[in-house]
Amino acid sequence: MIELEGIGRTYTRPGGSPVEALREVSLRIERGELLAVVGASGSGKSTLMNVLGLLDRPDAGRYLLDGEDVSRLGVNEQARQRNRRIGFVFQSFHLLPRTSALENVELPLLYSDRASIAGLGARALEAVGLADRMDHNPSELSGGQQQRVAIARALVNEPDLLLADEPTGNLDEASAGEILEIFHALHASGRTIVLVTHDPNVAAHCDRICRLEGGRLTSDQRRSRKSSAALAAREGA
């Protein structure tokens with residue numbers, strides 16, 4: 001599904017020297033994988049996610065999404081691809097405070113070119129177990145529930161790819177476990193998920209772990225589905 005070939009991204013700070021956030025990163029991600037990207041702060045994790053999500057354009061290399069070089073698309077076409085094919089979940093929930101859960105989830109549909117959008121928001125909230133909280137504002141929801149609303153918003157356009165940046169970072173242990181269960185369910189349904197985290201316990205829930213150091217991909221470890229499922233069961237026990 002995804003092929004990164006020699007991806008590089010350099011930032012130039014005013015009055016400072018260039019910073020190489022990504023250096024010759026090559027990575028292939030198959031459809032239906034649950035993959036964690038780990039590394040210390042400043043290793044390039046978020047930059048890699050931004051490139052994958054078409055939020056940032058690499059200076060070098062190619063990004064092929066289903067065989068198409070999306071890194072060379074124009075701004076408007078990248079925005080259309082983002083809305084139609086990619087869902088985002090962040091550490092901060094980014095919910096509109098005076099807007100209901102359902103209205104928050106439906107926001108991406110304002111830019112959708114789908115023929116019909118009726119019922120998609122409600123269906124996404126049902127998928128994350130919040131069918132009974134659709135009319136609640138974020139202030140009336142727990143942190144874990146707010147993150148579930150954010151996941152439903154990422155799913156509402158039924159994207160091919162789900163990108164999650166530290167999705168459990170603001171949650172207590174119990175809520176984090178619930179969020180990871182949702183990701184496992186989405187993965188079991190065939191969703192492709194890339195999860196960026198600094199937490200090795202979160203990464204251990206994934207079938208594959210890629211490590212970045214200094215902008216370079218330094219390791220790529222595949223785990224058996226059986227071992228990942230067993231760990232998830234132990235964590236949830």
Side-chain angles (χ1 to χ4, degrees), residues 1 29-38 45-46 49 52-53 86-95 100-102 104-106 108 119-136 138 140-210 221-237:
M1 179 180 181
I29 301 173
E30 302 294 342
R31 187 174 299 277
E33 281 200 87
L34 173 57
L35 179 148
V37 177
V38 302
K45 302 189 305 298
S46 292
M49 195 191 83
L52 289 172
I86 304 172
F88 298 88
V89 181
F90 299 99
Q91 179 174 345
S92 298
F93 318 127
H94 299 305
L95 302 178
S100 72
L102 180 59
N104 267 286
V105 169
E106 290 177 335
L120 291 179
R123 188 188 310 165
L125 281 168
E126 290 169 1
V128 298
L130 288 180
D132 59 343
R133 294 290 189 271
M134 293 189 189
D135 296 326
H136 288 61
E140 301 172 301
L141 302 173
S142 69
Q145 289 172 331
Q146 290 184 56
Q147 188 62 297
R148 281 195 267 169
V149 172
I151 293 173
R153 181 182 58 199
L155 294 173
V156 72
N157 267 325
E158 300 177 329
D160 300 321
L161 174 65
L162 188 63
L163 301 175
D165 191 0
E166 302 285 3
T168 62
N170 283 341
L171 303 178
D172 59 39
E173 185 175 352
S175 296
E178 293 172 357
I179 295 303
L180 289 171
E181 287 179 10
I182 290 174
F183 282 123
H184 276 291
L186 293 171
H187 175 228
S189 71
R191 192 82 57 181
T192 306
I193 304 173
V194 178
L195 194 156
V196 172
T197 182
H198 71 281
D199 187 339
N201 294 321
V202 172
H205 283 258
C206 299
D207 295 335
R208 182 180 175 191
I209 302 175
C210 294
Q221 176 187 6
R222 294 182 182 272
R223 301 162 53 85
S224 70
R225 290 183 182 271
K226 182 182 294 186
S227 65
S228 297
L231 174 62
R234 289 199 302 271
E235 293 281 337

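Not counting sequence neighbours, the partners of Ala131 by the side-chain contact (heavy atoms from CB on, under 4.5 Å) test are Glu126, Met134. For Ser142, the side-chain contact (heavy atoms from CB on, under 4.5 Å) partners are Gln145, not counting sequence neighbours. Applying the ring-ring contact (aromatic ring centres under 6.0 Å, His included) test to His136 and every residue at least two apart in sequence or in another chain returns nothing. For the side-chain contact (heavy atoms from CB on, under 4.5 Å) test, residues two or more places apart in sequence or in another chain that qualify with Glu106 are Leu102, Leu109. Glu158 is linked by a side chain to side chain donor-acceptor pair (under 3.5 Å) to Arg114, Arg123, counting only residues two or more places apart in sequence or in another chain. For Asp165, the salt bridge (Lys or Arg N to Asp or Glu O under 4.0 Å) test picks out no residue, with sequence neighbours left out.
Put simply, the side chain of Leu130 reaches to within 4.5 Å of the side chain of Val149, judged on heavy atoms. Side-chain atoms of Pro108 and Arg153, non-hydrogen and from C-beta on, do get closer than 4.5 Å to each other. Proximity of Cys210 to Val38: side-chain heavy atoms (C-beta onward) are nowhere separated by under 4.5 Å. Using a 4.5 Å heavy-atom threshold, the side chains of Met1 and Ile29 count as separate. Between Pro167 and Gln91, the closest side-chain pair of non-hydrogen atoms is not below 4.5 Å.
Looking at every heavy atom in both residues, Val89 comes nearest to Ala150 through CG2-O, 4.4 Å. Closest non-hydrogen pair, Ile179 versus Gly144, comes out as CD1-O, 3.9 Å. Counting all heavy atoms, side chain and backbone alike, Phe183 lies closest to Ala164 at CZ-CB, 3.8 Å.
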Only pairs under 3.5 Å count here: list side-chain donor-acceptor contacts from residues 189-200, not counting sequence neighbours, and write none if there are none.
residue, atom, partner, partner atom, Å
Ser189, OG, Leu186, O, 2.6
Arg191, NH1, Pro159, O, 2.7
Thr192, OG1, Gly32, N, 2.7
Thr197, OG1, Asp199, N, 2.9
His198, ND1, Glu166, OE1, 3.2
His198, ND1, Glu166, OE2, 3.0
Asp199, OD1, Asn201, N, 2.9

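The CD1 atom of Ile151 sits 12.5 Å away from atom CD of Gln146, with the distance rounded to the nearest 0.5 Å. To the nearest 0.5 Å, atom CD of residue Glu178 and atom OG1 of residue Thr168 are 12.5 Å apart. Here the CD1 atom belonging to Ile86 is positioned 10.0 Å from the CE atom belonging to Met49, to the nearest 0.5 angstrom. Interatomic distance, Cys206 SG to Leu34 CG, rounded to the nearest 0.5 Å: 4.0 Å. Note that CG of Leu95 is 4.5 Å distant from CG of Asn104, once rounded to the nearest 0.5 Å. To the nearest 0.5 angstrom, Leu125 atom CG is 11.5 Å from Leu120 atom CG.
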- Item | Check against side-chain contact (heavy atoms from CB on, under 4.5 Å), Glu33 and Asp207 | CA-CA 7 Å; Glu33 281 200 87; Asp207 295 335; 5.9 Å; no
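Ring orientation note: the planes of Phe90 and His94 are nearly perpendicular, at an angle over 60° on the 30°/60° scale.
Looking at Arg208, its side chain never comes within 3.5 Å of a backbone N or O of Leu35 through a donor-acceptor pair.
A 6.0 Å sphere centred on CG of Asp132 holds more than 12 heavy atoms belonging to other residues, nucleotides or ligands.
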